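For reference, the structure is listed below as structure tokens.
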Number of protein chains: 2
Amino acid sequence: MSCEGEAVAILRQSGHKLTPQRLMVVSALRHAGGHQTAAQILEQVQRVYPYVDVSTVYRTMAVLNELRLVTETDMGGGELAYEWATDEPHHHLICHDCGAVQQVDHAALDHLAETLGDDYGFRADLHHFAIFGTCRACSGQSRTT
Amino acid sequence: MSCEGEAVAILRQSGHKLTPQRLMVVSALRHAGGHQTAAQILEQVQRVYPYVDVSTVYRTMAVLNELRLVTETDMGGGELAYEWATDEPHHHLICHDCGAVQQVDHAALDHLAETLGDDYGFRADLHHFAIFGTCRACSGQSRTT
DNA sequence: GTTGGTGCAAATGATTTGCAAAAGG
DNA sequence: CCTTTTGCAAATCATTTGCACCAAC
């Protein structure tokens, strides 16, 4: 697929080898669209080739993350989520009630970053953020969980 | 210590038992001041009474967290940090360069919460937040404004 | 052929849990 | 007493690593 070409090129340019496993991982992640855990990626890849190991997924994600091809987000639940890197940074609002995930424009956090920089001299590393809370639907209907 | 009285009262009121272990955990956490990992709390407690187990610390923290006496913060490194709950919520700026931790007034995040509520109908659960980045010292005194 | 990549299995490290004994109210 | 809590040990669960083999370049 031509859409993987970019990744392939970067991978080769950086002196990494091009293996079917890596292609499958990249493909799985791109095809999935959203954020995926290592286990989810593994599951996808194993549908095509069952002999792939989790460690390979982790190692591949480490490489891709280093090359800025994917982002690694700590979703708070002990599991890391990986997402294919897009041009513009965005963030996730996760409803801990219904589990819905909403994307947030970076602009919303931009203001925060500015404030932190101004008032605290802190350059916040807000490339990819997960914010927990209650979505509109859930905060509107039930008061008891 | 009289300063533990509040916790003792709440503990008893909520139908929980008052055990020396819990007192020691509370004392350790209050005495420490900042955020502590389970392991750090355990270490403190074991100085007084070595037979306390990690599981007890975790179970105690779960109880205290439920009673809003402590906050549980995901510091991103696979370890949870616990902190004695203060009246006003605050957040942490953690420099991933030098490890310095800076507190941030809740007001800074308040704006973000408002934005998320307004634009996305999302009630962000920003009670206690850890933000990673580079502190002023480590970013080389250079301001980005 | 080198060098890096892979699969496997076993290690790690934080947190959880089952269970019998001990202690709080 | 009766129920909760504890200590211990063993179990999870996500992630990492050592190592012998295999494949890309």
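So you know, we letter chains A, B, ... as the sequences are listed, proteins then strands, and number each from 1. If you're wondering where the values come from, they're calculated on a predicted model, not measured in any experiment.
When all heavy atoms of D74(B) and E79(B) are compared, the closest pair comes out as OD1-O, 4.4 Å. When all heavy atoms of I94(B) and F122(A) are compared, the pair lying nearest together is O-CZ, 3.4 Å. Nearest heavy-atom pair across E83(B) and G34(B) is CG-O, 3.8 Å. Smallest separation of non-hydrogen atoms from C95(B) and T134(B): SG-CA, 4.0 Å. Closest non-hydrogen pair, A38(B) versus V57(B), comes out as O-CG1, 3.9 Å. Here the closest non-hydrogen pair linking V25(B) and I41(B) is CG1-CG2, 4.1 Å.
For the pair V45(A) and Q21(A), the minimum side-chain heavy-atom distance is 4.5 Å or more.
As rounded to whole Å, 13 Å separates atom P of dT15(D) from atom CD of Q36(A).
Remark: T71(A) pairs with H128(A) by the side chain to side chain donor-acceptor pair (under 3.5 Å) rule, at least two apart or across chains.
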Dump the pairs, protein N or O against N or O of nucleotides 11-14 of chain D, anything under 3.5 Å, distances to one decimal.
from	atom 1	to	atom 2	distance (Å)
dA14(D)	O3'	G78(A)	O	3.2

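A 4.0 Å heavy-atom criterion places the boundary nucleotides of DNA chain C facing chain A at dT3(C) to dC8(C), written 5' to 3'.
Side-chain N or O atoms of S14(A) include one that pairs as donor or acceptor with a backbone N or O of I10(A) at under 3.5 Å.
Taking CD from Q46(B) and CE from M24(B), the interatomic distance works out to 9.5 Å, rounded to the nearest 0.5 Å.
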Contacts table for residues 60-68 of chain A: side-chain donor-acceptor under 3.5 angstrom, sequence neighbours left out:
from	atom 1	to	atom 2	distance (Å)
T60(A)	OG1	T56(A)	O	2.7

Which atom pairs, donor and acceptor, lie under 3.5 Å between side-chain atoms of residues 110-121 of chain B and protein residues at least two apart or in another chain?
from	atom 1	to	atom 2	distance (Å)
D110(B)	OD1	H106(B)	NE2	3.3
T115(B)	OG1	H111(B)	O	3.0
Y120(B)	OH	D105(A)	N	3.1

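DNA chain D lies under 4.0 Å from at least one heavy atom of each of the following residues of residues 37-51 of chain B: Y49(B), Y51(B).
For the helix from dG1(C)-dC25(D) to dG25(C)-dC1(D), the rotation axes defined at the first and last 5 base pairs enclose an angle of 30°, given to the nearest 10°.
A ring-ring contact (aromatic ring centres under 6.0 Å, His included) check over residues 32-80 of chain A, counting only residues at least two apart or in different chains, returns the pairs H35(A)-H92(A), Y49(A)-Y51(A). Applying the salt bridge (charged side-chain N to carboxylate O under 4.0 Å, His left out) rule to pairs touching residues 41-64 of chain A yields E43(A)-R47(A), sequence neighbours excluded.
Other residues, nucleotides and ligands contribute over 12 non-hydrogen atoms within 6.0 Å of the CZ atom of R22(B).
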If the sugar-phosphate is the primed atoms plus P, OP1 and OP2 and the base is the rest, what is the B/S/- string for nucleotides 18-25 of chain D, using protein heavy atoms under 4.0 Å? B----BBS
